[in-house]
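Start at 1 and go down the list; that is how both ligands and their atoms are numbered. What you are looking at is a predicted structure, and each value in this text was computed from that prediction instead of being measured. Note that the numbering runs from 1 along the sequence shown for the chain. These values consider heavy atoms only, across backbone and side chains, with no hydrogens, waters or symmetry-generated copies.
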Amino acid sequence: MATDNVYIPFFLSAFIWIQLITPNVCDGALTSGCIPAERSALLEFKRGLKDPTNRLSSWVGEDCCKWEGVTCSNHTGHVIKLDLHSPHPFSDFGDEPHNNWILGENFINSTMPSWLSNISGLEHLDLNGNFLQGNIPPTFGNLASLEELNLAYNSLQGGIPTSFKNLCKLQNLILPGININQDLLELDEIFSGCIKMSLEILDLSYTNISGQLPEWLFQLRKLKSLQLSQNLISGPIPVSLGQLASLQELSLDQNQLNETIPETMGWLSQLVSMELELNFLEGVMSEAHFANLTKLKHLYLWSNSLTLKVKTDWLPPFRLESLRIGSCILGPEFPTWLQSQINISEIDMPNAGIIDAMPNWFWGLISTAEYVIISGNQISGHVPNILHLNNLSWLDLSSNYFEGPLPYFPPRLELLDLSNNSFSGIIPHDIIMNMPYLIYLSLSKNNLSGEIPFSICQLRALEALDLSKNMLSGELPNCWNNSSRIEVMDFSSNNISGVIPESICSIATLQSLHLSNNSLSGELPLSLKDCKELLLLDAGHNGLKGEIPAWIGESLTHLEFLNLRSNMLAGHIPPNLSRLSALQMLDLANNELSGTIPRSFGNFTAMTVIGRFPSLMAYAIEGSYKEQMLVTTKGNTIDYDKLLSLMNIFDLSDNNLSGGVPEELTNLSGLFSLNLSGNHFTGEITENISKLQQLESLDLSRNNFSGTIPSNLIALTSLAFLNLSYNNLSGEIPRGNQLLTFNDPSIYIGNPGLCGLPLNQSCNVSETARGQSNVDDRDENEMICSQEILRTFTFKKMLQSFKALDRVLEEFFF
Ligand SMILES: *[C@@H]1O[C@H](CO)[C@@H](O)[C@H](O)[C@H]1NC(C)=O
Ligand SMILES: *[C@@H]1O[C@H](CO)[C@@H](O)[C@H](O)[C@H]1NC(C)=O
Ligand SMILES: *[C@@H]1O[C@H](CO)[C@@H](O)[C@H](O)[C@H]1NC(C)=O
Ligand SMILES: *[C@@H]1O[C@H](CO)[C@@H](O)[C@H](O)[C@H]1NC(C)=O
Ligand SMILES: *[C@@H]1O[C@H](CO)[C@@H](O)[C@H](O)[C@H]1NC(C)=O
Ligand SMILES: *[C@@H]1O[C@H](CO)[C@@H](O)[C@H](O)[C@H]1NC(C)=O
Ligand SMILES: *[C@@H]1O[C@H](CO)[C@@H](O)[C@H](O)[C@H]1NC(C)=O
Ligand SMILES: *[C@@H]1O[C@H](CO)[C@@H](O)[C@H](O)[C@H]1NC(C)=O
Ligand SMILES: *[C@@H]1O[C@H](CO)[C@@H](O)[C@H](O)[C@H]1NC(C)=O
Ligand SMILES: *[C@@H]1O[C@H](CO)[C@@H](O)[C@H](O)[C@H]1NC(C)=O
Ligand SMILES: *[C@@H]1O[C@H](CO)[C@@H](O)[C@H](O)[C@H]1NC(C)=O
Ligand SMILES: *[C@@H]1O[C@H](CO)[C@@H](O)[C@H](O)[C@H]1NC(C)=O
């Protein structure tokens, strides 16, 4: 499929040409071979390129018309098309998974061959996706025959040359992904030239162009496709938009357009695709905006501040195939006009302000649909059995008011998200069995009860399973085997009892295991050793017993989060946990652990890194799944970043630990939170505590620490929470910097020898006590905040449908 649709004609100037090709021409028709000067021109071109994979290997021999990518005119013998677009161009990744792009096949690092402009007869030039460098050569403006110029996705920069105004035959100007970086007004001279009579496709998406939409845009007589998405265009959409009578495709998405959409939009009777998402458009859209849009198939308005206000009996002139209208207000009534959209394949309308019962006709309407996303509304009702929706692959009903038992869902589903509703009853075996292609299943935050069905183990394609926050009981299924592909499992916050099943680590792909807040008992099974890919183990708030196994440090080598908080774990902490070099959260609080803190704990590599340690979990693009974990910190002033992967937490509080705190802990300079409270630690607080320069929360309360509070504590300028109460500390409380903001004496009380502000106890006997008396009764309760991890599943369909991915993927690759 390399070279079938784009062309690059190579024409010499007429004068030179006559001399060179005469021998080959017979009665005006060429008999064989190519024109020598064009041949050497092509060879020159080849010489200037880096061609690591030898794409131009066919460029040998006399007849250049037979070379790959080269097409000659049958009449004149001239090269009329040169199609050297990358075999894996960005613009049509379509069905291909992005990891098939082989960047090495492109002409990386070569400079744009400006001399192509010497070939004045060129009609089609396609160099899409080759990472050529340099500027767009101004001499291209000499290519008077040029009909199509495609330079998309090269590493070009600089403006569109003014000489382009002379391209009087140019129909397709395709330049996305080039750093043009001009104000649209600066292009006025070019596009007011004769080019405005011929241009049909103008694609300047993702080119860093800025400014407001200028009048010249709406003077382009034949314009069929206007693509300006992913730029810095601001201001309103002008009324003159309505003049583009031939317009079929309008892509202005991902800009900074504001104000209301003009009603003249409704004049664009040829419009098939309207993409205005991700702007700052506001106001009301009414029937008038769609009046003559009889051909509209794709309507994308999501992420603006628009309200769609139409009469209840509005019959739209169009029949849509895809509707993406998330965050536009369509409600409060369920939009009845949707009922006429009988061939719709995608309905994406989350957060649309719908507060209504789901009409019955909806389940019939989506009989042709592949994607249905209506999350974040307040839609109520029961979901009927919808086995017949054969084409449905995504169904997201999350965060609504659906209730009743789980119905039968159609067999082709890949994503089913019913989270945050009020579905009740059990999870029947056969309902699960019936969805063998599920990749993502979330039933979180409902009112489901009963046991987890064994059929869950048979979902061979499943990558994410979230059954958290229900009332599920019984034991975890022990039917997993190595044909599962699950990466995330969340069973947290249910009433699940029994032991952690032996088979769970047969799942070689498992990365996150959330078991917290259940009634699990027994020990951490030896079989957990086999969870080699595990990044997160959250088994807090259960009834687990026994010791923390030493093999965790040897086997779970990728672990980033280990939360065993609030169990009944006893014994010593194994020193070799510190071999978990990626560990950034260690929460063993509220157990029955004894002994000392191992010295090796200064060796947690990830916790020694200031700033962000690269996590395997922290990638976030379209289609991501928000993984959550309860994180406990003390105090209520800590404002952690949204991403859990940014938090370094070390919490051993409320155990029976004793001895001195090893000096080595101060190596963990990436820590945000250190909590050793509620143990029997002795010794002094080290001066080196100031090395924990990112610390936001420090709790050493309820121990036997003695000596003075090191004055260095004032160096911890990020500190937002401090508790040193109930120790044996003495001397003057250091004041300065952040410590000046801690006026609550309760964080120091219970240390009879301490003096100075904010305590009432003055250090200097001659100074009268003048501390505040309003000991505010600070809430000592632990703050539990729910943190999110964004995790990505590469749904193939998602790749096809989200244009924004172009950019994201590009960022991934460079
Ligand atoms: C030239 O003629 C061949 C054979 O008839 C045909 O396949 C080809 O498409 C023609 N090329 C052009 C550019 O018209
Ligand atoms: C392209 O050039 C950059 C620096 O100019 C270099 O780092 C890179 O390796 C080059 N890539 C190729 C494929 O030659
Ligand atoms: C292109 O044409 C210019 C004159 O128009 C000439 O100076 C130059 O050498 C030509 N370059 C090539 C590579 O043919
Ligand atoms: C747009 O400009 C930014 C900042 O200068 C740059 O990083 C980015 O690569 C440019 N975009 C394109 C498509 O070149
Ligand atoms: C719209 O954007 C333009 C350009 O950024 C700005 O000058 C104008 O104030 C904005 N209008 C409104 C109503 O926000
Ligand atoms: C809308 O369509 C009607 C019927 O085809 C036509 O009469 C009318 O002129 C069109 N209006 C606009 C503004 O295109
Ligand atoms: C229905 O939609 C599909 C694409 O989803 C399209 O190919 C087909 O032509 C449409 N049928 C009608 C009758 O509009
Ligand atoms: C499902 O999609 C196929 C094509 O992918 C189409 O032929 C078929 O008609 C669709 N089924 C329904 C019920 O729309
Ligand atoms: C749950 O759904 C309700 C109602 O739509 C919404 O207000 C709330 O924010 C949702 N909660 C979560 C965690 O998504
Ligand atoms: C959950 O289900 C139980 C019965 O199983 C019922 O008593 C309770 O009201 C339900 N809660 C909600 C929030 O629907
Ligand atoms: C894994 O389990 C499935 C269903 O439970 C079963 O069909 C399959 O044979 C099992 N595979 C192995 C290797 O045990
Ligand atoms: C910490 O790591 C260093 C370097 O790997 C090693 O030399 C040292 O022995 C370790 N300390 C402890 C207490 O394990």
Identified side chain to side chain contact (heavy atoms under 4.5 Å, CB included) counterpart of Y206 within the set Q254, Q230, Q227: Q230
Polar contact flag for Y401 and ligand 9 (N/O pairs, less than 3.5 Å): no
N400-ligand 9 polar pair, N/O distance under 3.5 Å: no
Side chains of [X] and [Y]: do they bring a donor and an acceptor to under 3.5 Å?
X: S424; Y: N447; answer: no
X: E215; Y: S240; answer: yes
X: S322; Y: H298; answer: yes

Pairwise side-chain contact, L395 with I386, heavy-atom cut-off 4.5 Å (strictly under): yes
Residue of the set K224, E249, K295 for which side chain to side chain donor-acceptor pair (under 3.5 Å) holds with Q270: K295
Option among N255, T207, N181 that satisfies the side chain to side chain donor-acceptor pair (under 3.5 Å) test with N231: T207
Short N or O contacts of ligand 7 with protein, under 3.5 Å, listed by atom name?
from: ligand 7; atom 1: 2 (O); to: N343; atom 2: OD1; distance (Å): 3.4
from: ligand 7; atom 1: 2 (O); to: N343; atom 2: ND2; distance (Å): 2.4
from: ligand 7; atom 1: 11 (N); to: N343; atom 2: ND2; distance (Å): 2.6
from: ligand 7; atom 1: 14 (O); to: N343; atom 2: ND2; distance (Å): 3.2

Residue portion contacting ligand 5 (non-hydrogen atoms closer than 4.0 Å) for Q256: neither
Residue N377 vicinity, atoms of ligand 9 by number, heavy atom under 4.0 Å: 5 (O)
Aromatic ring proximity, centroids under 6.0 angstrom, W394 and Y440: no
Between W361 and F334, ring centroids under 6.0 Å: yes
Close N or O approach (N258, ligand 5; < 3.5 Å): yes
Atoms of ligand 5, numbered as shown, that sit under 4.0 Å from any heavy atom of S234: 4 (C), 5 (O)
